[in-house]
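A short write-up of the structure that comes next.
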Amino acid sequence: MESHLLNAIHSSLHINQLRQVHALVTTKYQSLNFHFIRRLLNLSFTGYARRLFDQMPRQNQRLHNVFIAAYSRLCLNTEAIDMFVMMHRKNSLIGSFTIPPVVKSCSALLVIELGKQIHSLAIHYGFGSNLFVQTAFMDFYAKSGDLDSARIVFDGISVKDPISYNCLISAYSKTGDVSAARRLFDGMTERTVVSWNSMISCYAHNGDHHEAILMFERMQVEKYCPNEFTLVILLSICAKLGDLEMGLKVKKFIDDTNAFPNMIVATALMEMFVKCGAVDEARQEFDRMNKRDIVTWGAMIAGYAQNGRPSDALELFECMKHEQIRPNDVTIASVLTACAQLGSAEAGERIGSYIESEGFNSNVYVASALLSMYSRCGNIKKAQQVFDKMLEKDIVSWNSMITGLAFNGYAIDAINLFEQMKETEVKPNDITFVALLTACTHVGLIDLGLEFFDRMLSVHDIVPKVEHYACIVDLFCRCGKLNEAFDFILEMKVEPNVVIWGTLLSACRIHSNVELAEIAVKKLQVLEPENSGNYVLLSNLYANSGRWQDALRVRSLMRDEKVQKTAAYSWIELEDGVHKFLVSDSSHSKSDEICIIVEGLSMQSVSDESDIYVEFCL
DNA sequence: TTAGGGTTAG
């Protein structure tokens, strides 16, 4: 009967089955109590198990151990530590199996002092040279950022297994000490796939993608078979590099070896396509998955948002809600980016109230995206409200608000907000200065703009990038100081790009400066020979100055170089979608009606000075 | 002991 009952305990999956067994255990077979409680803990019924534990007259070491291990595994770290402390106070015998899980909970909660005390205790009990205990403390010190102590523990291990090595390799990897990690790896006599993965991941996380790929190749030469972890690490490298060619090779490897990649591999594959700009291929992977979790959904929605396809992002978000999957902070942040791109105040309002009602706005990512969305949809008041309510403000929150003010015409407020930011712990970055210089540009504050530009490096230690130079060029150009802009370009410490020359060229058109326009166009012809806009601008400029021959020459140059003039569309977004119009375009379904009304409008504007109110629906 | 999605600027 006893063995029959033990089988019943081990095979029970449902709480009701266990309750039936319980009645027998408590009355007749108390020796099975341990197995019963362990089964309950394995099935995560911690409360039920704990009530039984508390009712028992005597609890032995094994029983304490299974509780501490279960609590730690289920991330109930405080409970794990409390149980250990209770055990110690009751003078219960502590064993080597008691230590690793409680140390893990100390790492998770970052209770450093307690962890160190437990370490002394473990040595006192004579577990100082137990491999499992040593590995646990090594991991604890590594996670606490105390690599020196982790190393001392490692050096004290007499017979090191691959796990001890791997653990320290990944610790060095996290602190960026790649060479220390590599020395350990090279010193290993016996490696596992995990050792290779840890080393590849170490190079990848520290930016040395080339070396990561070399290690992957060497791993295969040495006959180690890559596993799913290896593939995910490689795919994330391809994603970071935007290397579609290599990404496709990894995909082929997966297709050849793994008929059904797991969810993490499939998500990494999607992410690789997304970051390489191949959104439709990413969607194919998404559609192919037979099971999707919130990370999958989130990756695809973000993929659309990051690749300028906001409508697809929102459509997929609706799909996700339809499948009863509750969005989290990550999905919401991407959806907000999509709304901001649409610039649609109505969609923005809708998602804004949803977020507030569901309580998502306490997350920094969500709050920054929300305020940014409001400001891009033109609702600066709402943006300011979100910003003011934020309890935690990071650099992105400040940048979003400064940018929002700058773009909505509140340049002085943007600059004042920067002054407020300087009073905080948050340090400005390159994006902060793009926003500040934009603000100066909008109100023509040349001197202040130049001062900000100088202070970037001298005070804030930020090297100006080409976009900062572009802001200054724009600042000069908008004030009509074209020669100063040109001199500034010549002295730039980075190579001027199309934005720089394009800004100068546009200013030349406005201020009819043919001489500088010719220089700018020459530069642009090299940088973007296919862009017809530059040729058109120059040709028009010649025509306006009466230089017809030159104007014709540019036009014929365009023909010779086969540069096509791209059509300029006007467009308007209404409730039912986007309506595009081209010159002489009659493709719109209500084209005739529109033409009649436009004609009427122009007739009236000639004959009648009074205000005209015309209602027309597209 | 090794693995996947997010916010700002251009």
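Here is how names work: the chains are called A, B, and so on, in the same order as the sequence lines, proteins then strands, and each is numbered from 1. In what follows, every heavy atom counts, from backbone to side chain, and hydrogens, waters and symmetry copies are set aside. Remember, predicted model here, so these are calculated numbers, not experimental data.
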Looking across every strand, which nucleic acid part, if any, lies under 4.0 Å from A:I294 by heavy atom: base, sugar-phosphate, or nothing?
-> base
With a 4.0 Å cut-off on heavy atoms, is A:F286 in touch with a base, just the backbone sugar-phosphate, or nothing at all?
-> nothing
So what does A:R191 hit on the nucleic acid, given a heavy-atom distance under 4.0 Å: a base, only sugar-phosphate, or nothing?
-> nothing
Touch check for A:T337, heavy atoms < 4.0 angstrom, all strands: base, sugar-phosphate only, or nothing?
-> sugar-phosphate
Which salt bridge (Lys or Arg N to Asp or Glu O under 4.0 Å) pairs, counting each pair once, include a residue from residues 386-399 of chain A, with sequence neighbours left out?
-> none
Looking at every strand, decide which applies to A:T267 at a 4.0 Å heavy-atom threshold: base, sugar-phosphate, or nothing.
-> base
So do the side chains of A:L244 and A:E281 get within less than 4.5 Å of each other, counting heavy atoms only?
-> no
Output yes when a side-chain donor or acceptor of A:R376 lies under 3.5 Å from a complementary backbone atom of A:Q341, and no otherwise.
-> no
Check whether the side chains of A:S195 and A:N166 place a donor and an acceptor atom closer than 3.5 Å, and report yes or no.
-> yes
With sugar-phosphate meaning primed atoms plus P, OP1 and OP2, does A:D430 contact a base, only sugar-phosphate, or nothing at under 4.0 Å between heavy atoms?
-> nothing
Is the shortest heavy-atom distance from the side chain of A:V178 to the side chain of A:D208 under 4.5 Å?
-> no
Just call it for A:A435: base, sugar-phosphate, or nothing, with non-hydrogen atoms closer than 4.0 Å on any strand.
-> nothing
Got a sec, which residues hit ring-ring contact (aromatic ring centres under 6.0 Å, His included) with A:F229, two or more places apart in sequence or on another chain?
-> none
Classify the nucleic acid contact of A:N429 as base, sugar-phosphate or nothing, counting any heavy atom under 4.0 Å across all strands shown.
-> nothing
Using the heavy-atom set of chain A and a strict 4.0 Å cut-off, write down the first and last nucleotide of DNA chain B that makes it in, 5' to 3'.
-> B:dT1 to B:dG10
Which atom pairs, donor and acceptor, lie under 3.5 Å between side-chain atoms of residues 141-156 of chain A and protein residues at least two apart or in another chain?
{"unit_1": "A:Y141", "atom_1": "OH", "unit_2": "A:H119", "atom_2": "ND1", "d": "2.8"}
{"unit_1": "A:K143", "atom_1": "NZ", "unit_2": "A:D139", "atom_2": "OD1", "d": "3.0"}
{"unit_1": "A:K143", "atom_1": "NZ", "unit_2": "A:D139", "atom_2": "OD2", "d": "2.8"}
{"unit_1": "A:S144", "atom_1": "OG", "unit_2": "A:F140", "atom_2": "O", "d": "2.5"}
{"unit_1": "A:D146", "atom_1": "OD1", "unit_2": "A:S149", "atom_2": "N", "d": "3.2"}
{"unit_1": "A:D146", "atom_1": "OD1", "unit_2": "A:S149", "atom_2": "OG", "d": "3.1"}
{"unit_1": "A:D146", "atom_1": "OD2", "unit_2": "A:S149", "atom_2": "OG", "d": "2.6"}
{"unit_1": "A:R151", "atom_1": "NE", "unit_2": "A:D155", "atom_2": "OD1", "d": "3.3"}
{"unit_1": "A:R151", "atom_1": "NH1", "unit_2": "A:Y172", "atom_2": "OH", "d": "3.3"}

Could you check which residues of residues 198-212 of chain A get a heavy atom under 4.0 Å from DNA chain B? Sort them by number, please.
-> A:S198, A:S201, A:H205
Tell me what A:K393 touches on the nucleic acid: a base, only sugar-phosphate, or nothing, going by heavy atoms under 4.0 Å.
-> nothing
Salt-bridge contact A:D256-A:K251 (side-chain N to carboxylate O under 4.0 Å) | no
How is A:K240 classified with respect to the nucleic acid when contacts are heavy atoms under 4.0 Å: base, sugar-phosphate, or nothing?
-> nothing
N/O donor to acceptor pairs below 3.5 angstrom from side-chain atoms of residues 497-505 of chain A, sequence neighbours left out:
{"unit_1": "A:N497", "atom_1": "OD1", "unit_2": "A:V499", "atom_2": "N", "d": "3.1"}
{"unit_1": "A:N497", "atom_1": "OD1", "unit_2": "A:I500", "atom_2": "N", "d": "3.2"}
{"unit_1": "A:T503", "atom_1": "OG1", "unit_2": "A:V499", "atom_2": "O", "d": "2.6"}

